[in-house]
Chemist: 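I'd like to ask some things about the structure below.
Letters A, B, ... are given to chains in the order of the sequence lines, protein chains preceding strands, and every chain is numbered from 1. Because the structure is a prediction, the values reported are computed rather than measured.
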Amino acid sequence: MRLSQLLLPTEREPPADAEALSHKLMVRAGLIRQMGAGLWSWLPAGWRTHERIVAIVRAEMERVGAQEVLMPVLQPADPWRRTGRYDSVGAELFRLSDRRQADLVLAMTHEEAMTFHVAQVVRSYRELPFVLYQFQTKERDEPRPRAGVLRTREFVMKDAYSFDRDREGLERSYAAQRDAYDAIFDRCGLRWYRVESDVGMMGGFGAHEYMAPCPAGEDEVALAPGYAANVEVASAQPRPVDLPGPLPDGPALVDTPGHTTVEEVSRALGVPPGGLIKAYPVVTEGRGLVMVCLRGDHRVNDVKLTHALGETFRPAHEHEIADRLGPPGFIGPAGANVPVLLDEAVGDGGYVCGANQPDRHLRGVEPGRDFPFSRGDLRRVDAGDTVDGHPITIEPCIEVGQIFKLGTRYSDPLGATYLDEAGREQAIWMGSYGIGPARIAAAAVEQHADEQGIAWPRAIAPYDVEVIGLGRPGSREREAAERLYHQVRAAGLTALLDDRDAGPGEKFADAELLGCPLRLTVGKRSLEAGAAEAQARRGLADLEPVPLEGAEEAVRARWDALP
RNA sequence: CGGGGCGUAGCGCAGCCUGGUAGCGCGUCUGCUUUGGGAGCAGAAGGUCGUCGGUUCGAAUCCGGCCGCCCCGACCA
C-alpha cells in the first residue's frame, strides 16, 4: 500500500478526553475514530490489525476442529425469556420491538441462539461432540464505556460453543479450547495470564479468564510463582499478626470514646489493625441480617462473600444496625444476637472488637469461646499475602478472553437434548469461549509502546514493513525505495511505502507512531552504499542494512530475527 | 446510579469573570523555495460558539431547560 493513497489520519496531539495510552495512540496513529460513547469505527490500518488478529483466532479454531457459523445480532426475545436472562440481565441488554410490537433483543452474547439451533438439529449421541464458533457483533448497553476500544457498547467477539454428551466430554472440549487460547495469545505477541475466575452471570461451574497485564486494565490479578487468579476469587495466606492471647476471664470492656474506625481504635489501644475484628453487617433475602467479620486490616471481597452466603446481599442500613445490634461504629460479634460469618484469616488469639455499646470496645475476645460463628473465605487478598510461601503481587490487567464450563445451564431451558445408546433423552453439556480482538489490539498497544508511538508485535501489525523513500519525488532515492517496496512484497511480507511529498522528519515520526515492526529507509547516504537502512521498531534498534540488489533474502532475514 | 469536568474551525486551545467586529498554534488549499528528524516565504479557505428558550438595544459571554462527551466510583460475560 502507498501511504499517499491510504486513509491514515494521524494526529500530532491526542484527543483531549483520552486517558489510556492505547486510546491516545490508536487515535493518533489513525487506526480508530469515535462516533459516540462506546461506539468506535475502525479505519483501514486499524482494521488490518483487527483482521490479522481474527485470522489468528480463526486458524486456531479450525485447528481444533471448530466450525464457523454466523447468527443474528437481532433476535426474538423468546429464547432469552426461556433462559431467564431477558429479566435477569438488566439494563445492559438492549431491548426493542418491531413494527408488529414483537419483543426483540440485540444479542450481547449468543448462548441462546446457538443452543436454540442445536436443540432443533441434534437428535442423537452420534452427532456429538462438536464446536461452533463465529465472529459476530455484540451489543451491550455498558453503564460506562471507556478508554477507546477497551470497553465499548458494540464490538466484535469470537464466541465458540462446545456441545458434548456428558461432563467428561465437556472437560475434553474445554481443554482443547484452553490450549487453542494459549496458542492464540502467544501468537498475538501478548504477555498474558490464564487465571481462575468467577462465573458471573453466565452460570456454570468453572471458568478461566485470559488477562493481559497493562496499566489501563480494569481487572486485578493476584500473582505468585505458579499462581494466578482474578482478585475476585483469589485466596492466599494472610500476613501474620502479633496478637495477645485471649483474656482468661473473658472479654474486658475498654473505653474508646468517639473511636469508630479501625485506625482510631488501633491507635488508641496500641493494638495493630490486624488485632481487631471488624464487623460488616449485611442483609440477605434468605437469612436476614448477618454479621460478616474480618480482621481489621482486611477488606471484604463482594464476590467471595456472595459465594459464601450462597445468595446476593446488601450492606445493612444504619437504622437496622442500630435497632438490632448497637451504635454503628461500635458493633462486634461478641454478644450480638445475629449469625456471625467469620473470615478464615481470623485465627486464634485475643481480639479487639466493638462492644455493641456506645464508646466501648472489648479486649481479649476469642472466636468460639466468646461468640459462635460459621467460617468462610471472605476477604480480598492483599499484596504481600503468600501462596505456598511466595508473596503475591497484584497487577492491573485487561480481560482479553474468557472460557466457561456451562454444563446444562442453557441446554435445559432450551431443550437441547440427545438420545443416548439406550434411547434415553439426555441434556447436552455445553461450554462457551469468548475472545475480543479489539481488546487484543488495545492490549498489544498498551504493552508495546513508547514515547514515539506503537511498537506492534510482528503478527498483528497493520503492515510488516514500512519503506521510506527520502528525497524529492522522482529522485533516485524514491525510485530505489519503489523497487525495494516490490521486493519486500516479493519476500512474502506486507509493506507500506511512504511515497508522500513530505519531509524526512514527518515520515519518521509517522512511521514510529504507526509502529510497523521493520522500517527500511532509502536516502542519499544509504543509496551510495547500495543499501537501505533497517531499523526495528522495538527499541528503535538499528539493524544490518539491506542491500538493494537481491533485497528479498536480507529483508526476510531481518524480519525473522525481530523479537 | 452517585461525584467531578468539558462542549468555540479537522486537531489542541484562548476569549466568558466585567455583554459590543470570533481569535491563536498545528493542519488544509495555491504558488515558489526546501528534502536525513514534524521546513521557509507569500497568499487563501474554513466556525449556526452543542441545542432550545429567557434577560438585554445587543449574548460565545448572564440565567434556565435539554442533548452530547470524558474522568472517578458503583456496576459489568
Chemist: Can you tell me how far C1' in B/rU61 sits from the matching atom in B/rU8, rounded to whole Å?
Modeler: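 Result for the C1' pair: 11 Å, nearest Å.
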Chemist: Quick check: on RNA chain B, is the nucleotide nearest A/Ala16 upstream (toward 5') of the one nearest A/Ala107, or the reverse? Name the residue that is more 5'.
Modeler: A/Ala16
Chemist: Taking the P atom in each of B/rA60 and B/rA22, what is the distance between them to the nearest angstrom?
Modeler: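 9 Å, rounded to whole Å.
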Chemist: Using only modelled atom types and a 3.5 angstrom limit, is any donor from either the side chain of A/Glu477 or the base of B/rG36 paired with an acceptor on the other?
Modeler: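 There is none.
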Chemist: Is the shortest side-chain N to carboxylate O distance from A/Glu171 to A/Lys405 below 4.0 Å?
Modeler: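 So A/Glu171 pairs with A/Lys405 through a salt bridge.
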Chemist: Under a 3.5 Å cut-off for both distances, is B/rC29 Watson-Crick or wobble paired, and to whom?
Modeler: B/rG43
Chemist: Identify whether any heavy atom of A/Gly36 sits under 4.0 Å from a base atom; if not, whether one sits that close to sugar-phosphate; answer base, sugar-phosphate or nothing.
Modeler: sugar-phosphate
Chemist: Tell me what A/Ala509 touches on the nucleic acid: a base, only sugar-phosphate, or nothing, going by heavy atoms under 4.0 Å.
Modeler: base
Chemist: Classify the side chain of A/Arg146 versus the base of B/rG73 as yes if they form a donor-acceptor pair under 3.5 Å and no if they do not.
Modeler: no
Chemist: When the C1' atoms of B/rC16 and B/rC62 are compared, how many Å lie between them, rounded to an integer?
Modeler: 10 Å
Chemist: Indicate, with a heavy-atom threshold strictly under 4.0 Å, whether A/Arg519 touches base, sugar-phosphate, or nothing.
Modeler: base
Chemist: Under 4.0 angstrom, heavy atoms only, what part of the nucleic acid is A/Arg28 near: base, sugar-phosphate, or nothing?
Modeler: base
Chemist: Is it the case that the base of B/rG36 and the side chain of A/Glu533 share a donor-acceptor contact (distance under 3.5 Å, atom types as modelled)?
Modeler: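 Yes, the side chain and the base share a sub-3.5 Å donor-acceptor pair.
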Chemist: Determine the Euclidean distance between corresponding C1' atoms of B/rC52 and B/rU18; express it in Å to zero decimal places.
Modeler: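 It works out to 27 Å between them.
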Chemist: Roughly how many Å apart are B/rG46 and B/rC24, using the P atom of each and rounding to a whole number?
Modeler: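 Looking at atom P only, B/rC24 and B/rG46 are 15 Å apart.
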Chemist: Return the pairing partner of B/rG23 with a 3.5 Å limit on both distances, Watson-Crick or G-U wobble; otherwise return none.
Modeler: B/rC13
Chemist: Which base sits across from B/rC75 as a Watson-Crick or G-U pair, both distances under 3.5 Å?
Modeler: none
Chemist: When both hydrogen-bonding distances must be under 3.5 Å and the geometry is Watson-Crick or G-U wobble, what is B/rC69 paired with, if anything?
Modeler: B/rG5
Chemist: Look through every strand shown and name the nucleotide pairing with B/rU56 as Watson-Crick or G-U wobble, where both distances are under 3.5 Å.
Modeler: none
Chemist: Describe the nucleic acid contact of A/Gly523 in one word from base, sugar-phosphate, nothing, applying a heavy-atom distance below 4.0 Å.
Modeler: base
Chemist: With both distances under 3.5 angstrom, what nucleotide forms a Watson-Crick or G-U wobble pair with B/rU48?
Modeler: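 Check on B/rU48: unpaired, no WC or wobble geometry under 3.5 Å.
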Chemist: How would you label the contact of A/Ser475 with the nucleic acid (heavy atoms, under 4.0 Å): base, sugar-phosphate, or nothing?
Modeler: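 It contacts nothing in the nucleic acid.
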Chemist: Taking 4.0 angstrom as the limit, do A/Asp103 and A/Arg81 come out as a salt bridge?
Modeler: yes
Chemist: Please figure out whether A/Trp40 or A/Asp219 has its closest RNA chain B nucleotide nearer the 5' end.
Modeler: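 The 5'-side residue here is A/Trp40.
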Chemist: Specify the separation, in whole Å, of atom CG of A/Asp17 and atom C1' of B/rG5.
Modeler: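 Answer to the nearest Å: 11 Å.
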Chemist: Does a side-chain N-to-carboxylate-O contact under 4.0 Å join A/Arg82 and A/Asp412?
Modeler: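 Salt bridge between A/Arg82 and A/Asp412, a charged N being under 4.0 Å from a carboxylate O: no.
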Chemist: Would you mind classifying the nucleic acid contact of A/Ala502 as base, sugar-phosphate or nothing, using non-hydrogen atoms under 4.0 angstrom?
Modeler: base
Chemist: Run the salt-bridge test on A/Arg153 and A/Asp141 with the 4.0 Å N-O cut-off and return the result as yes or no.
Modeler: yes
Chemist: So, are A/Arg2 and A/Glu482 salt-bridged, with charged N and O less than 4.0 Å apart?
Modeler: yes
Chemist: Rounded to whole Å, please give me the gap between NZ in A/Lys524 and C1' in B/rU34.
Modeler: 11 Å
Chemist: Any Lys/Arg nitrogen of A/Arg191 or A/Glu446 sitting under 4.0 Å from an Asp/Glu carboxylate oxygen of the other?
Modeler: no
Chemist: Is A/Glu477 salt-bridged to A/Arg472, going by a charged N under 4.0 Å from an acidic O?
Modeler: no
Chemist: How many Å lie between CD on A/Glu92 and P on B/rA74, as a whole number?
Modeler: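 One finds 16 Å between P of B/rA74 and CD of A/Glu92, rounded.
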Chemist: Using whole Å, what does the distance between atom P of nucleotide B/rU28 and atom CZ of A/Arg12 come to?
Modeler: 10 Å
Chemist: What is the nucleic acid contact for A/Pro15, judged by heavy atoms within less than 4.0 Å: base, sugar-phosphate only, or nothing?
Modeler: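 Sugar-phosphate contact only.
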